[in-house]
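Since the structure comes first, as structure tokens, the remarks are kept for the end.
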Amino acid sequence: MKYSLIDIKSTHYDDKTAGGLSFFEGERDVPFKIRRIYWIYEAEKGTHRGFHAHTLNWQLLFCPYGSIDIILDDGHEREKVTLDSPSKGLVLSPGLWREMIWNKTGSVLCVAASEYYDPDEYIRDYDKFIEYVKNKESEQ
Ligand code: TYD
């Protein structure tokens, strides 16, 4: 499946009660040029969002607070990745169906994306997604 997990650099003071600091730099740590950053917050435990694929966007997903399951589907198989640490990053290439499930109230999902927002670049119907995957595969 076309995704990779990256380790987001993170630092702590010796005094752990002072918290951590995580960071990444465009093009150095992320394999695409970042055009947009958005985040989802104040969602309750059990919230289920997503249910779409992107045709153009590369994305880096990370969860600076809480725990969120990311279910990925490439039209053939499903895999689950749990984002439960500020230093875990999930890089998704275009063409993956995703669903997100909140494991903890208030978990924050941040996304760095390669494209500006364009609703026409989304596939929001699962049957159309399967059709898209088949068409892509027949082009290869
Ligand atoms: P949406 O993609 O439907 O969220 P999810 O799939 O996670 O449930 O986005 C919710 C709303 O926010 C929708 O009206 C579009 C808008 N939106 C923007 O205007 N710009 C953006 O960059 C994003 C991600 C969403």
Side-chain angles (χ1 to χ4, degrees):
M1 205 179 282
K2 290 188 268 170
Y3 74 83
S4 57
L5 275 168
I6 63 168
D7 193 26
I8 298 175
K9 291 172 201 135
S10 299
T11 62
H12 275 91
Y13 284 140
D14 290 340
D15 172 9
K16 293 274 191 291
T17 62
L21 186 157
S22 299
F23 57 92
F24 54 79
E25 296 181 325
E27 291 164 273
R28 292 185 172 169
D29 301 312
V30 181
F32 54 84
K33 184 173 171 179
I34 297 167
R35 288 208 169 83
R36 180 166 55 106
I37 296 179
Y38 61 94
W39 48 97
I40 300 173
Y41 53 94
E42 292 177 355
E44 291 187 9
K45 181 178 174 174
T47 294
H48 209 148
R49 298 185 65 129
F51 304 101
H52 61 250
H54 292 283
T55 54
L56 295 175
N57 261 293
W58 282 79
Q59 295 190 322
L60 168 65
L61 277 60
F62 57 104
C63 174
Y65 173 78
S67 169
I68 301 170
D69 284 341
I70 313 294
I71 314 292
L72 299 170
D73 182 332
D74 64 1
H76 296 287
E77 54 181 359
R78 286 196 158 214
E79 286 185 41
K80 180 176 86 174
V81 176
T82 301
L83 295 179
D84 55 2
S85 155
S87 56
K88 266 193 202 175
L90 175 62
V91 177
L92 303 181
S93 59
L96 287 174
W97 184 266
R98 80 281 313 269
E99 299 173 17
M100 295 86 99
I101 303 168
W102 264 248
N103 296 323
K104 175 178 172 156
T105 295
S107 301
V108 178
L109 181 65
C110 296
V111 182
S114 66
E115 309 300 324
Y116 297 122
Y117 180 66
D118 174 6
D120 295 337
E121 166 285 325
Y122 281 68
I123 304 171
R124 291 190 177 273
D125 178 284
Y126 189 74
D127 292 338
K128 288 204 176 109
F129 168 67
I130 295 298
E131 219 174 283
Y132 167 87
V133 170
K134 284 192 183 139
N135 286 338
K136 279 272 168 198
E137 286 171 354
S138 69
E139 282 168 15
Q140 286 164 5

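Note: hydrogens, waters and symmetry copies are ignored here, and every other heavy atom, side chains too, is used. Just so you know, ligand 1 is whichever comes first in the structure, and atom 1 is the first atom listed for that ligand.
- Neither side chain, Asp84 nor Thr82, offers a donor N or O lying under 3.5 Å from an acceptor on the other.
- When distances from atom 20 (N) of ligand 1 to the protein are checked, a heavy atom turns up under 4.0 Å.
- Within 4.0 Å of atom 7 (O) of ligand 1, at least one protein heavy atom is present.
- Side-chain contact, Tyr126 with Asp73: a donor N or O sits under 3.5 Å from an acceptor N or O.
- Remark: minimum distance from atom 22 (O) of ligand 1 to any protein heavy atom is reached at Arg36 NH1, 2.5 Å.
- Cluster annotation: Val108 is not connected to Val111 through the hydrophobic network of ILVMFWY side chains, with a link wherever side-chain heavy atoms come within less than 4.5 Å.
- Under 3.5 Å, the side chains of Glu137 and Tyr132 contain no donor-acceptor pair of N or O atoms.
- We find the CH2-CZ distance between Trp58 and Arg35 to be 14.0 Å, quoted to the nearest 0.5 Å.
- For atom 2 (O) of ligand 1, a protein non-hydrogen atom is found at a distance below 4.0 Å.
- Contact annotation for Arg124 and ligand 1: only side-chain heavy atoms (C-beta onward) come within less than 4.0 Å of the ligand.
- Under the 4.0 Å distance rule, the nearest protein heavy atom to atom 11 (C) of ligand 1 falls outside the cut-off.
- Taking a cut-off of under 4.0 Å to the non-hydrogen atoms of Tyr38, the atoms of ligand 1 that pass are 24 (C).
- Taking the six-membered ring for Trp and the full ring otherwise, the centers of Phe62 and Phe24 sit less than 6.0 Å from each other.
- Residue His52 has at least one heavy-atom neighbour below 4.0 Å for each of these atoms of ligand 1: 6 (O).
- Counting the atoms of ligand 1 from 1 in the order shown, those under 4.0 Å from a heavy atom of Tyr122 are 2 (O), 24 (C).
- Counted within 6.0 Å of OH on Tyr41, heavy atoms from surrounding residues, nucleotides or ligands total 12 or fewer; the atom is thus considered open.
- Here is the list of ligand 1 atoms found below 4.0 Å of a heavy atom in Arg49: 4 (O), 5 (P), 7 (O), 8 (O).
- The protein heavy-atom contact nearest to atom 25 (C) of ligand 1 is Tyr117 CE1, 3.8 Å.
- Arg78 and Glu99 are joined by a salt bridge, as a carboxylate oxygen and a charged side-chain nitrogen come within less than 4.0 angstrom of each other.
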